[in-house]
Colleague: 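Mind having a look at this structure? Questions to follow.
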Amino acid sequence: AQSVTQLDSQVPVFEEAPVELRCNYSSSVSVYLFWYVQYPNQGLQLLLKYLSGSTLVKGINGFEAEFNKSQTSFHLRKPSVHISDTAEYFCAVSGLNRDDKIIFGKGTRLHILP
Amino acid sequence: DTAVSQTPKYLVTQMGNDKSIKCEQNLGHDTMYWYKQDSKKFLKIMFSYNNKELIINETVPNRFSPKSPDKAHLNLHINSLELGDSAVYFCASSLRGSDEQYFGPGTRLTVT
């Protein structure tokens, strides 16, 4: 079974500053990893995913994440945030079998300060 | 063209009532889900269906009953609504269980 931990429930950051949202996972088998974003009053949408191959994954809206197998981490980064990035961010993990379910973290609220 | 749609978007009702939320996806996916998101944004999976067959049934009161008439639809019926059922309910779909999921816009249920 897999589990995922998002280490920060809230991250405040000034506009145009860089940000890192941390995610660690636990699994005894190989995994797929995802980051989703939820803007206020909307559903979740996929930011990026790691399936295999290059450990640096680029997503939408200038976000990227790096898969680190030795540290079992998949941290999300953006070099310069905008006020429009204010949202809840969810890290998620699943096994590779077709019937494996995705496990979501508890979310990190990104709060952009003007 | 909306990929995953839910109706209604808002639902306000009194304790003890029965209500339904409908979900439809036009992505051709085999797997559909219902999630409950509480006020702290914690996302909890409730049910998952694969090609109309129930495959995940988490610890959910049996007042909640999903129904999948075909693989493009997954409805959620809730009997005898309680205050604690107030939340946002999300429908989602994916090609397979381990694939990325596509979420609907959510249904905000308020029980008074």
Side-chain angles (χ1 to χ4, degrees), chain A residues 1-6 8-11 21 23 25 27 29-52 57 59-60 63 65 74 86-111, chain B residues 2-10 21 23-25 27 29-51 53-60 74 87-110:
Chain A
Q2 291 82 32
S3 68
V4 62
T5 302
Q6 291 183 246
D8 306 296
S9 59
Q10 286 192 76
V11 172
L21 305 184
C23 172
Y25 69 93
S27 176
V29 297
S30 296
V31 295
Y32 295 144
L33 291 156
F34 309 85
W35 274 100
Y36 286 81
V37 60
Q38 184 181 24
Y39 297 108
N41 300 313
Q42 294 186 28
L44 280 71
Q45 57 182 279
L46 185 72
L47 262 182
L48 48 80
K49 61 185 176 184
Y50 171 79
L51 303 182
S52 64
V57 181
I60 62 171
F63 283 93
F74 190 55
T86 297
E88 194 84 20
Y89 291 80
F90 293 90
C91 183
V93 63
S94 76
L96 307 189
N97 296 321
R98 66 176 296 123
D99 290 333
D100 283 339
K101 63 182 181 183
I102 290 183
I103 307 295
F104 285 88
K106 292 189 175 181
T108 298
R109 173 107 182 125
L110 180 59
H111 182 50
Chain B
T2 306
V4 182
S5 58
Q6 295 178 229
T7 53
K9 190 164 173 63
Y10 299 97
I21 308 172
C23 177
E24 176 181 1
Q25 55 96 1
L27 298 166
H29 288 165
D30 287 336
T31 310
M32 295 185 73
Y33 312 81
W34 277 110
Y35 288 89
K36 179 181 180 181
Q37 187 176 49
D38 63 22
S39 57
K40 294 187 176 168
K41 301 293 186 185
F42 180 59
L43 204 60
K44 179 187 171 186
I45 189 165
M46 301 172 70
F47 302 103
S48 172
Y49 269 73
N50 182 271
N51 208 4
E53 190 178 329
L54 181 65
I55 56 171
I56 294 174
N57 184 352
E58 296 292 313
T59 311
V60 175
L74 180 62
V88 182
Y89 292 84
F90 287 101
C91 177
S93 73
S94 65
L95 197 55
R96 316 178 302 170
S98 55
D99 286 338
E100 66 192 78
Q101 295 182 12
Y102 292 77
F103 282 76
T107 296
R108 183 175 293 277
L109 172 65
T110 304

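Protein chains get the first letters and strands the later ones, always in sequence-line order, with residue 1 at the start of each. Predicted model only: the values in this text are computed from it and were never measured.
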Colleague: Under 6.0 Å from the OH atom of B/Tyr102, do we count more than 12 heavy atoms belonging to anything else shown?
Modeller: no
Colleague: Does any heavy atom of chain A fall under 4.5 Å from the side chain of B/Lys9, the backbone, both, or neither of them?
Modeller: side chain
Colleague: Check whether B/Tyr33 gets within reach of chain A through its side chain, its backbone, both or neither, counting any heavy atom under 4.5 Å.
Modeller: neither
Colleague: According to side chain to side chain contact (heavy atoms under 4.5 Å, CB included), who are the partners of B/Glu24, at least two apart in sequence or on a separate chain?
Modeller: B/Ser5, B/His73
Colleague: Do B/Arg108 and A/Asn41 touch side chain to side chain, with heavy atoms closer than 4.5 Å?
Modeller: yes
Colleague: Measure across A/Tyr32 and B/Arg96 and return the closest heavy-atom pair with its distance rounded to 0.1 Å.
Modeller: OH-NH2, 3.8 Å
Colleague: So, for B/Gln101 and A/Tyr36, which heavy atoms are closest and what is the spacing to 0.1 Å?
Modeller: N-OH, 2.7 Å
Colleague: So if I take each residue of residues 102-109 of chain A and look for any heavy atom under 4.5 Å from a heavy atom in chain B, which residues do I end up with?
Modeller: A/Ile102, A/Phe104, A/Lys106
Colleague: What pairs with B/Glu53 under side chain to side chain contact (heavy atoms under 4.5 Å, CB included), at least two apart in sequence or on another chain?
Modeller: none
Colleague: Could you tell me the separation between the NZ atom of B/Lys41 and the OG atom of A/Ser9, rounded to the nearest 0.5 Å?
Modeller: 13.5 Å
Colleague: Between A/Glu88 and B/Gln37, is any pair of side-chain heavy atoms under 4.5 Å apart?
Modeller: no
Colleague: Nearest heavy-atom pair of B/Ser98 and A/Ser94: which atoms, and what distance?
Modeller: O-OG, 3.1 Å
Colleague: Suppose we screen for side chain to side chain contact (heavy atoms under 4.5 Å, CB included). Which residues come up paired with A/Lys49, at least two apart in sequence or across chains?
Modeller: A/Phe34, A/Leu46, A/Leu51, B/Glu100
Colleague: Contact part of B/Gln6 toward chain A, heavy-atom cut-off under 4.5 Å: side chain, backbone, both or neither?
Modeller: neither
